[in-house]
Amino acid sequence: MIDFARVQKELVECSKDAEGSGIRVVPKGDTSLVLLLGTIPGPVGTPYEGGVFQIDITLPDGYPFEPPKMRFTTKVWHPNISSQSGAICLDILKDQWSPALTLKTALLSVQALLSAPQPDDPQDAVVAQQYLKDYQTFVNTARYWTESFAKVSSRGIEDKVQKLVEMGFPEAQVRSILESVGGDENLALERLL
């Protein structure tokens, strides 16, 4: 059974430092703490710098004794992240998980993975081969994907979330509705009213 008191505490802890770290975790819907949305900034000095990456988080029944299930919803060109499904190859999301870890530490580890790819243990073999054989093309492609998928839309969404929250709507509800309407701010506002 999921320890919802712990999940609530983790969400509060994440929100305290969200401005400094850029790492956010919010409920995906209004009623459940099982489906969450994580956001991480691209690390400085990498092709992902300046991007904002969204990660779907699903908590299994055994959380915190079982790892959360995470996958990128923002497209990423990285050896350890599937360019097709967003699946993440990271040991702490599998057999190296510990109940001492939190959603924030897991997201920090995912962010660190963006800084330090492990092409010898790839999730996406094509990207890993490019990383190993033609590093500059890898960097250029990763930067292009960041520009295309992690900058405009994510920043735009964050601006829309901020505007709607300033109107007095709850952030979790705003994010959920914006996602369900594909980022259309006017349609989201209609649904919120």
Side-chain angles (χ1 to χ4, degrees), residues 10-11 14 17-26 28 35-60 63-64 66-98 101-159 161 175 178-179 182-183:
E10 287 189 42
L11 294 179
C14 248
D17 185 38
E19 287 307 310
S21 69
I23 293 176
R24 291 180 169 74
V25 181
V26 295
K28 214 168 174 188
L35 301 174
L36 306 170
L37 182 65
T39 307
I40 61 171
V44 174
T46 71
Y48 313 104
E49 183 175 355
V52 178
F53 299 88
Q54 293 193 335
I55 298 170
D56 269 346
I57 303 168
T58 304
L59 300 181
Y63 185 82
E66 293 176 33
K69 308 238 181 298
M70 294 186 176
R71 73 173 190 83
F72 276 84
T73 55
T74 306
K75 289 177 72 78
V76 185
W77 190 255
H78 189 282
N80 307 107
I81 300 161
S82 170
S83 59
Q84 302 299 310
S85 69
I88 304 166
C89 182
L90 183 62
D91 59 356
I92 67 152
L93 295 179
K94 296 184 175 112
D95 58 335
Q96 296 301 307
W97 175 259
S98 158
L101 298 172
T102 64
L103 295 169
K104 183 172 182 179
T105 56
L107 287 171
L108 283 166
S109 296
V110 171
Q111 186 184 42
L113 182 66
L114 289 177
S115 295
Q118 302 294 317
D120 296 328
D121 184 22
Q123 176 71 38
D124 194 311
V126 172
V127 180
Q129 283 302 308
Q130 186 183 66
Y131 182 92
L132 292 168
K133 292 186 161 105
D134 189 357
Y135 183 73
Q136 193 53 54
T137 301
F138 161 78
V139 168
N140 293 341
T141 305
R143 197 171 286 133
Y144 174 79
W145 278 40
T146 299
E147 292 288 331
S148 299
F149 304 115
K151 283 195 174 177
V152 178
S153 62
S154 293
R155 281 205 177 140
I157 291 291
E158 291 304 315
D159 290 344
V161 167
R175 285 186 185 281
L178 270 172
E179 185 175 319

- Message: Before you tell me yes or no, could you show the steps for T146 and F53 under side-chain contact (heavy atoms from CB on, under 4.5 Å), namely the whole-Å CA-CA distance, both residues' side-chain angles and the distance that decides it to 0.1 Å?
- Response: CA-CA 9 Å; T146 299; F53 299 88; 3.9 Å; yes

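- We find the CG-CG distance between N80 and L113 to be 4.5 Å, quoted to the nearest 0.5 Å.
- Remark: of the listed residues D91, I92, L93, L101, I92 is the sole one forming a side-chain contact (heavy atoms from CB on, under 4.5 Å) with S109.
- Minimum interatomic distance between P43 and S115 (heavy atoms only, all atoms of both residues): CB-OG, 3.1 Å.
- With rounding to the nearest 0.5 Å, the separation of CG in L36 from CD1 in I55 is 12.0 Å.
- Two residues are said to be in side-chain contact when any heavy atoms from C-beta on lie closer than 4.5 Å; D56 and L37 meet this criterion.
- Of all non-hydrogen atoms in L107 and R24, the two that sit nearest each other are CD1-O, 4.1 Å.
- Taken to the nearest 0.5 Å, the CD atom of Q129 stands 10.5 Å off from the CG atom of D124.
- Side-chain atoms of S21 and Q111, non-hydrogen and from C-beta on, never get closer than 4.5 Å to each other.
- Considering only heavy atoms from C-beta on, C89 comes within 4.5 Å of K94 through its side chain.
- In this structure, the side chains of S83 and W145 come closer than 4.5 Å at one or more pairs of heavy atoms.
- Interatomic distance, S148 OG to R143 CZ, rounded to the nearest 0.5 Å: 13.0 Å.
- Side-chain N or O atoms of Q118 include one that pairs as donor or acceptor with a backbone N or O of A116 at under 3.5 Å.
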- Test side-chain contact (heavy atoms from CB on, under 4.5 Å) on L90 and M70 and set out the steps. CA-CA 10 Å; L90 183 62; M70 294 186 176; over 6 Å; no

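- Annotation: K133, atom NZ; neighbour count of heavy atoms from other residues, nucleotides and ligands within 6.0 Å does not exceed 12.
- Of all non-hydrogen atoms in P79 and V127, the two that sit nearest each other are N-CG1, 3.4 Å.
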- Pair V25-E10, side-chain contact (heavy atoms from CB on, under 4.5 Å): steps then yes or no: CA-CA 9 Å; V25 181; E10 287 189 42; over 6 Å; no

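- Two residues are said to be in side-chain contact when any heavy atoms from C-beta on lie closer than 4.5 Å; S82 and V76 fail this criterion.
- Rounding to the nearest 0.5 Å gives a distance of 11.5 Å between CZ of R71 and CD1 of I57.
- Shown here for Q123 and I81, the closest heavy-atom pair between the two residues is CB-N, 3.8 Å.
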- Query: Could you walk me through whether L103 and C14 pass the side-chain contact (heavy atoms from CB on, under 4.5 Å) check?
  - Reply: CA-CA 8 Å; L103 295 169; C14 248; 5.6 Å; no

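- Q130 approaches T137 most closely through the heavy-atom pair NE2-CG2, 3.2 Å.
- The two residues F138 and H78 make their nearest non-hydrogen contact at CE1-CA, 4.2 Å.
- Not a single ring-ring contact (aromatic ring centres under 6.0 Å, His included) links F72 to another residue, sequence neighbours left out.
- No side-chain heavy atom of W77 sits under 4.5 Å from any side-chain heavy atom of F149.
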